[in-house]
Amino acid sequence: MSTHPGPHGGPSLPQRRNLVTEIPGPMSRQLFERRQLSVARGLSHVLPIFVTAAGGGVVVDADGNSLIDFGSGIAVTSVGNSADQVVSRVAEQVAQFTHTCFMVAPYEGYVEVCEQLNRLTPGTHDKRSALFNSGAEAVENAVKIARHATGRDAVVVFDHAYHGRTNLTMAMTAKNMPYKEGFGPFAGEVYRMPMAYPFRWPGGPARCAEEAFDVVTNLIHAQVGEENVAAVVIEPVQGEGGFVVPPDGFLPGLAEYCRTNGIVFVADEIQSGFCRTGDWFASDHEHVVPDLITTAKGIAGGLPLAGVTGRAELMDAVHPGGLGGTYGGNPIACAAALGAIETMEKEDLPAAARSIEAIMLPRLQKLADANPVIGDVRGRGAMLAVELVRPGTLEPDSAAAAKVAKACHANGMIVLTCGTFSNVLRFLPPLVIGQSLLLEGLSILEDAFATL
Ligand code: PLZ
């Protein structure tokens, strides 16, 4: 039983930073001790404050501190925590029925979410969708569908990729520590290719798109064989791997190459999707139309829901009963998704993400001018990052990233790091964050860099 009633969450929470104790405060520290005795050590925390309420751009903890949220629970609460439409639709649904299992007896909410996914994802072709519980499960199912539809085995992924923590998706994820260390053996038939990473491309950013395309397609030819590849899976803007934005031309080229070679082009938009990058999907930026697209996170305002959406002929290649799961497309999660999507459309959250970029990007660039430890500023919309290096080199400086993050946390702002070398600070505010909180967050970040 919770001993901390605290304020109600949602958008009506006071939108201000307010620290009443050190971070984490005594209540959070006490709860953390209970956590140590009851929860597995393998789960770690960015910031061990225990949350009692959240909404808009703030998170409130058990000590009554109100922190600025630049993380959105890893790009999930794009519509804000406990957003009105999510809360009301969930409340209505939970009182109606909580579960039947879509495979036992279906319900309209599931169908409606699939209709929305088919409508909103890139491309006007005939589409079908299927719903699951987590991003990793969506990626697993995209691979199942691609293999079934093509009769091929191989899956091509990229350096710095993140696709999940299940056995197949661990194999697809690039970074060993902490995701893979000691958890093998991993699923086979996964082939990793260099990523078009402009900041680190040996030939320089201007040549990155063309050279990366050549390297990738030559490696596929030499080491895998085009005719053996079921799917190329790529995050259009990489998430955990460091917010790597491929240079213009790389994704359209890859999609075209897949089309020519009968390979299913899968866009993993689990982190980049649902308005985050200033478009509905990051693929929209260059008018890339994936054959399959995986979604999760932002789709349902915090409830666990994920989807695979794609060309009807691919999706429907799988026999009846070949896809499913007890909880996938749970009615409450579907209700939340419909509330979140309604909010994104009504409040034009792609435009909100673009406004966040317009405010943040110049400030981040100025910060980089003043701090040579910042080697690169990148991202789109409200998916922005700075990569920290030893000045004038490409040598990652993860210690500096950790120090800046820690200073932000102590000052009442949630900020996350990422990157294969753990040297990237990423900024993922809720898309509904108010301008004054956004500006205050930027000031906290600037102060944090001053501590280096
Ligand atoms: N694909 C692109 O970003 C999840 C992972 C956090 P799940 N990213 C956050 C962690 O340390 O576990 C993610 C993603 C992309 C797939 C996934 C996996 O989504 O819902 O976490 O399974």
Side-chain angles (χ1 to χ4, degrees), residues 76 78-79 85-86 89-90 92-94 96-146 148-149 231 264-270 272-276 279-281 283-284 289-346 349:
V76 171
S78 299
V79 296
Q85 281 308 312
V86 172
R89 292 209 190 215
V90 163
E92 210 174 292
Q93 179 59 48
V94 80
Q96 213 59 34
F97 65 97
T98 49
H99 174 82
T100 61
C101 183
F102 192 71
M103 303 182 310
V104 173
Y107 38 88
E108 187 179 353
Y110 189 116
V111 176
E112 205 178 331
V113 171
C114 291
E115 288 168 350
Q116 299 284 22
L117 279 167
N118 298 347
R119 176 175 70 87
L120 293 166
T121 51
T124 53
H125 51 282
D126 199 16
K127 294 177 207 160
R128 299 286 185 274
S129 289
L131 303 180
F132 304 97
N133 303 291
S134 68
E137 210 188 338
V139 173
E140 291 256 357
N141 278 280
V143 171
K144 279 169 67 172
I145 292 161
H148 199 99
V264 178
F265 181 76
V266 183
D268 180 347
E269 294 243 20
I270 285 163
S272 60
F274 278 103
C275 314
R276 179 52 58 186
D279 290 294
W280 273 87
F281 295 92
S283 298
D284 290 326
V289 178
D291 298 311
L292 297 180
I293 175 165
T294 56
T295 51
K297 289 190 184 278
I299 189 177
L303 273 83
L305 188 73
V308 181
T309 300
R311 296 188 185 282
E313 64 276 18
L314 292 175
M315 296 294 294
D316 285 344
V318 178
H319 49 279
L323 302 174
T326 304
Y327 292 115
N330 167 274
I332 300 165
C334 285
L338 295 173
I341 291 167
E342 184 189 335
T343 305
M344 290 178 207
E345 290 202 296
K346 272 206 181 131
L349 292 193

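Nothing fancy with the numbering, it's 1 onward along the sequence. What you see below is based on every heavy atom in this structure, not just the backbone, and it leaves out hydrogens, waters and symmetry mates.
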Specify the closest pair of heavy atoms between [X] and [Y], including all atoms of both residues, with the distance to one decimal.
{"X": "A142", "Y": "L292", "value": "O-CD1, 3.6 Å"}
{"X": "I270", "Y": "T295", "value": "CG1-C, 3.8 Å"}
{"X": "D291", "Y": "R311", "value": "OD1-NE, 2.7 Å"}
{"X": "A300", "Y": "A336", "value": "O-CB, 3.4 Å"}
{"X": "A138", "Y": "T294", "value": "O-CG2, 3.8 Å"}
{"X": "S78", "Y": "G298", "value": "OG-CA, 4.3 Å"}

To the closest 0.5 Å, what do you measure between [atom1] ([X]) and [atom2] ([Y])?
{"X": "L349", "Y": "I341", "atom1": "CG", "atom2": "CD1", "value": "11.5 Å"}
{"X": "Q96", "Y": "I332", "atom1": "CD", "atom2": "CD1", "value": "11.5 Å"}
{"X": "E112", "Y": "Y107", "atom1": "CD", "atom2": "OH", "value": "13.0 Å"}
{"X": "L120", "Y": "M344", "atom1": "CG", "atom2": "CE", "value": "9.0 Å"}
{"X": "L303", "Y": "R89", "atom1": "CG", "atom2": "CZ", "value": "13.5 Å"}

Heavy-atom side-chain contact between [X] and [Y] under 4.5 Å:
{"X": "I299", "Y": "L117", "answer": "yes"}
{"X": "F265", "Y": "P290", "answer": "yes"}
{"X": "C101", "Y": "H99", "answer": "yes"}
{"X": "F281", "Y": "S272", "answer": "no"}
{"X": "I293", "Y": "V308", "answer": "no"}

In this structure, are over 12 heavy atoms from other groups packed under 6.0 Å from E92 atom CD? no
Kindly check if the number of other-residue, nucleotide or ligand heavy atoms within 6.0 Å of CD (E313) is above 12? yes
On the 0 to 90° scale, with breaks at 30° and 60°, tag the F102-Y110 ring pair as parallel, tilted or perpendicular. parallel
Please answer whether the main-chain N or O of [Y] pairs with a side-chain N or O of [X] as donor and acceptor at a distance below 3.5 Å.
{"X": "E140", "Y": "K144", "value": "no"}
{"X": "T343", "Y": "G339", "value": "yes"}
{"X": "N330", "Y": "Y327", "value": "no"}

Could you give all pairs that pass the salt bridge (Lys or Arg N to Asp or Glu O under 4.0 Å) test and reach residues 296-307, with sequence neighbours left out? none
Can I get a per-line list of side-chain donor-acceptor pairs under 3.5 Å for residues 122-134, giving both atom names and the distance, sequence neighbours left out?
{"from": "D126", "atom 1": "OD1", "to": "R128", "atom 2": "NH1", "distance (Å)": "3.2"}
{"from": "K127", "atom 1": "NZ", "to": "N118", "atom 2": "O", "distance (Å)": "2.8"}
{"from": "K127", "atom 1": "NZ", "to": "T121", "atom 2": "O", "distance (Å)": "2.6"}
{"from": "K127", "atom 1": "NZ", "to": "T121", "atom 2": "OG1", "distance (Å)": "3.0"}
{"from": "K127", "atom 1": "NZ", "to": "P122", "atom 2": "O", "distance (Å)": "3.3"}
{"from": "K127", "atom 1": "NZ", "to": "G123", "atom 2": "O", "distance (Å)": "2.7"}
{"from": "R128", "atom 1": "NE", "to": "D316", "atom 2": "OD2", "distance (Å)": "3.3"}
{"from": "S129", "atom 1": "OG", "to": "N118", "atom 2": "OD1", "distance (Å)": "2.7"}
{"from": "S129", "atom 1": "OG", "to": "T309", "atom 2": "OG1", "distance (Å)": "2.7"}
{"from": "N133", "atom 1": "ND2", "to": "E137", "atom 2": "OE1", "distance (Å)": "3.0"}
{"from": "S134", "atom 1": "OG", "to": "E137", "atom 2": "N", "distance (Å)": "3.2"}

Between V113 and L305, does the side-chain contact (heavy atoms from CB on, under 4.5 Å) criterion hold? Intermediate values first, please. CA-CA 10 Å; V113 171; L305 188 73; 4.2 Å; yes
Any salt bridge between R276 and E269, counting N to O under 4.0 Å? no
